[in-house]
Amino acid sequence: MSVAVNARSIDDLDELPFDNRFTRDLPADPDERNVRRQVEGAAYTRVRPTPVAAPSTIAWSPEVVALLGMAPDLPLSDDFAQVFGGNRVPAGADPFAMAYGGHQFGSWAGQLGDGRAIALGEVLDVDGHHQMLQLKGAGPTPYSRTADGRAVLRSSVREFLCSEAMHHLGIPTTRALSLVTTGDEVVRDILYSGNPAPEPGAVVCRVAPSFTRFGTFQLPASRGDHELLERLVRVTIDHSFPDLADPSVGLPELVGRWLGEVAERTATMVVDWMRVGFVHGVLNTDNLSILGLTIDYGPYGWLEDWDPMWTPNTTDASGRRYRYGQQPQVAHWNLVQLANALVPLVDGDVAPLQEAVDRYPAAYESGYRTMMAERLGWGPWRDGDDEPIQALTEVLGVTEIDQVLFFRDLADVPVDPDVDVSDADLLAPLADAWYRPEEVTGDVAADLAGWVRTWRARVAATDRDPDARVAGMDARNPRYVLRNYLAQEAIDLAEAGDPSRITELLDVLRDPYDDQPGNARFAARRPDWARDRVGCSMLSCSS
Ligand code: AMP
Ligand code: MG
């Protein structure tokens, strides 16, 4: 884009360059009453945020401020809090709530929609790309069903920090501009145990090129509204997949190409999640982004001790549908639901849709293999690597092992094949990863050392420069992730009136792949007090 866009430093929010193509190009709900109802034949409803008592900006992302071309100190202004707390709609905005449906925990749930998120519109960023600004927790909309349209500070801190942490890990995600407390109380029953209590309210301004979800297409499809379905697909391709837009290609083929691209992006995202140990927690089809971005940070969690069965979401505790180890399969299932929604657009020939969905397992498998071989310092994947990787997933379960520390510290294990090393010396660099060091003796130590010897032999079979190998491993195995207890500590402090830990964590998480000597504390494995504490190991959808 032009130099003028790049060079800007906006210090008046009425000068944000809005270009609201979503509301311009898609059909609006003609009814603008803000009352809960079914909305048909429309992609969105125009609705304004409900004002809050006393908006106050307690954290912001300097990178997103810069991306949007805002002056660095703009977040300090009262007007910033007014706008991003939902009290003032800036010039050029066109606030709306999106319509979408979804499968929740495997069952079709009908219309969902933005029940508490209100988009202000789309702003051109400093590179000339559209960025939708969306206020989560901005008050009720026609899609609020029985809920209040608000968000609590606890869940807003989690969303704010995790979106930025994921971005800095290099994982596709929605971003967060700001975290504004509202001065209002919001009542929540954290564990749905019949104990509702008031909590401080907050609004996060989320930022993404698009918030369109798989469920966006499912809703009109479920109602037989093929005209809206086709319009949504065409506009989504025009806006977000311009390389695919080709007037010479018929709709069935276009839809197939597009779905294939969505499948590949989804696979890439899930491979990244599996690498860092991110567990989304609620992979309903309304929480899958059409752009392959991680979206809707609710009861997510970070895998600490290696346990593929782990889910952070207590609402999912019985079925564990969204457990760490099942995320690849669940994403595939969700893609099948999206494909089903698109059937009306392919003239009775579902082959292009089937082929597109089939790209997912292939893309996931090859992405996973490449990722694992690289993170283990082996370079390109080789035939036969499946076996030691499978063995690794088993050996990591022999005692409680912090998987973040294990992978990170593996780079420090001596690899010279000509030097004889004892089991104890081989395992010494990994000692921080043991939650129960007293268990790492006898057979457990022998099993671990046995795998490390296999790993070492594979490293020795590559002729990589040792420094390059370690750098490659470090670039894929983060030292710092948003451990569940770290987020909870920041929340406890913020609820007590001190939000400084949020910014402190954001600073640490900005460089997750670097060892930061002064910040070793934030790389430590989960302390014992956090093992069973609500918010650390147990979360619900109540947010
Ligand atoms: P989620 O589980 O966060 O993906 O939300 C599922 C649906 O519930 C979406 O339509 C949300 O907009 C809606 N929702 C969640 N929390 C609230 C709330 N406090 N008020 C209104 N709608 C909500
Ligand atoms: Mg959602």
Side-chain angles (χ1 to χ4, degrees), residues 34-39 43-45 47 49-50 52 86 95-119 132 134-156 158-160 162-163 173-174 176 182 184-190 192 196-204 206 208 210-219 222 279-291 293-301 311-316 321-322 330 334 337 539-543:
N34 192 356
V35 290
R36 292 154 167 87
R37 58 202 153 83
Q38 293 292 306
V39 174
Y44 65 95
T45 304
V47 57
T50 302
V52 300
F96 68 93
M98 268 174 73
Y100 55 79
H103 279 85
Q104 295 183 317
F105 298 94
S107 306
W108 175 245
Q111 174 181 299
L112 298 169
D114 287 334
R116 55 172 165 173
I118 297 180
M132 200 175 274
Q134 192 199 60
L135 307 183
K136 182 167 177 178
T141 76
Y143 308 95
S144 297
R145 298 179 292 158
T146 56
D148 59 6
R150 293 301 185 186
V152 293
L153 178 59
R154 155 174 68 81
S155 65
S156 305
R158 287 168 48 83
E159 169 125 28
F160 173 82
C162 202
S163 359
T173 178
T174 60
T182 60
D184 292 322
E185 285 186 336
V186 176
V187 175
R188 288 288 181 272
D189 184 356
I190 298 193
Y192 301 120
E199 297 185 46
V203 176
V204 170
R206 306 197 290 190
S210 160
F211 286 93
T212 300
R213 298 135 191 276
F214 289 10
T216 309
F217 304 93
Q218 288 184 284
L219 183 60
S222 74
V279 190
H280 183 286
V282 209
L283 286 176
N284 294 332
T285 56
D286 56 304
N287 292 340
L288 267 273
S289 143
I290 206 70
L291 295 185
L293 306 175
T294 314
I295 191 173
D296 277 12
Y297 293 91
Y300 68 81
T311 173
N313 184 356
T314 52
T315 317
D316 187 29
R321 179 180 175 85
Y322 298 140
V330 159
N334 286 342
Q337 308 317 311
L539 293 136
S540 75
C541 289
S542 167
S543 59

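In what follows, every heavy atom counts, from backbone to side chain, and hydrogens, waters and symmetry copies are set aside. Note that ligands are numbered from 1 as they come in the structure, with each ligand's atoms numbered from 1 the same way. Numbering of residues begins at 1 and proceeds along the displayed sequence.
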J.: Within the distance-only criterion (no hydrogens, no angle test), does the side chain of Thr182 pair as donor or acceptor with the backbone N or O of Gly201 below 3.5 angstrom?
T.: yes

J.: Show the atoms of ligand 1 that are less than 4.0 angstrom away from any heavy atom in Ala147.
T.: 17 (C), 18 (C), 19 (N), 20 (N), 21 (C), 22 (N)

J.: Which atoms of ligand 1 sit under 4.0 Å from any heavy atom of Asp148?
T.: 18 (C), 19 (N), 20 (N)

J.: Which residue owns the protein heavy atom closest to atom 13 (C) of ligand 1, what's the atom, and how far is it?
T.: Arg145 NH2, 3.7 Å

J.: Of all the atoms in ligand 1, which lie at a distance below 4.0 Å from a heavy atom belonging to Arg150?
T.: 19 (N)

J.: Considering only protein heavy atoms, which is closest to atom 12 (O) of ligand 1, and at what distance to one decimal place?
T.: Gly115 N, 2.7 Å

J.: What I want to know is whether Tyr143 and ligand 1 share at least one N or O pair that is separated by under 3.5 angstrom.
T.: no

J.: Ignoring hydrogens and geometry, is there a side-chain-to-backbone donor-acceptor pair from Tyr143 to Met98 under 3.5 Å?
T.: no

J.: Can you name the atoms of ligand 1, numbered from 1 with element, that are less than 4.0 Å from a heavy atom of Asp296?
T.: 4 (O)

J.: Should you measure from each heavy atom of Asp286, which atoms of ligand 1 turn up under 4.0 Å away?
T.: 4 (O), 6 (C)

J.: When you measure from the side chain of Gln337 to the backbone of Gly102, do you find a donor-acceptor pair of N or O atoms at a distance under 3.5 Å?
T.: no

J.: Give the numbers and elements of all ligand 1 atoms closer than 4.0 Å to a heavy atom of Asn287.
T.: 4 (O)

J.: Given a threshold of 2.8 Å, state how many protein N/O/S atoms are nearer than that to the Mg ion (ligand 2).
T.: 2

J.: Is there a donor-acceptor contact under 3.5 Å from the side chain of Asp148 to the main chain of Val186?
T.: no

J.: For Pro299 versus Leu539, what's the shortest heavy-atom pair and its separation?
T.: CB-CB, 3.8 Å

J.: Measuring only between side-chain heavy atoms, which start at C-beta, is Ile118 closer than 4.5 Å to Asp114?
T.: no

J.: Measuring from atom CZ of Arg213 to atom CG of Asn284, what distance do you get when rounded to the nearest 0.5 angstrom?
T.: 11.0 Å

J.: Just need the protein heavy atom nearest to atom 16 (N) of ligand 1, so name the residue and atom and give the distance.
T.: Arg116 NE, 3.1 Å

J.: Looking at Tyr100 and Gly113, would you say the former's side chain and the latter's main chain have a donor-acceptor pair under 3.5 Å?
T.: yes

J.: Arg154 and Ser542: which non-hydrogen atoms are nearest, and at how many Å?
T.: NH1-O, 3.0 Å

J.: Of Thr174, Thr173, Asp296, which meets side-chain hydrogen bond (donor to acceptor under 3.5 Å, both in side chains) against Arg206?
T.: Asp296

J.: Give the numbers and elements of all ligand 1 atoms closer than 4.0 Å to a heavy atom of Gly113.
T.: 9 (C), 10 (O), 11 (C), 12 (O)

J.: Sequence neighbours excluded, which residues qualify as ring-ring contact (aromatic ring centres under 6.0 Å, His included) partners of Phe105?
T.: Tyr322

J.: Please indicate whether any nitrogen or oxygen in Gly149 is less than 3.5 Å from any nitrogen or oxygen in ligand 1.
T.: yes

J.: Under the criterion side chain to side chain donor-acceptor pair (under 3.5 Å), I'd like the reasoning laid out for Ser543 against Arg116: C-alpha separation, chi angles, the key distance, then a yes or no.
T.: CA-CA 11 Å; Ser543 59; Arg116 55 172 165 173; 2.7 Å; yes

J.: By number and element, which atoms of ligand 1 are closer than 4.0 Å to a non-hydrogen atom of Arg188?
T.: 19 (N)

J.: Answer yes or no for Cys541: is there a heavy-atom contact with ligand 1 below 4.0 Å?
T.: no

J.: Has the side chain of His103 got a donor or acceptor atom that lies under 3.5 Å from a matching backbone atom of Gly215?
T.: no

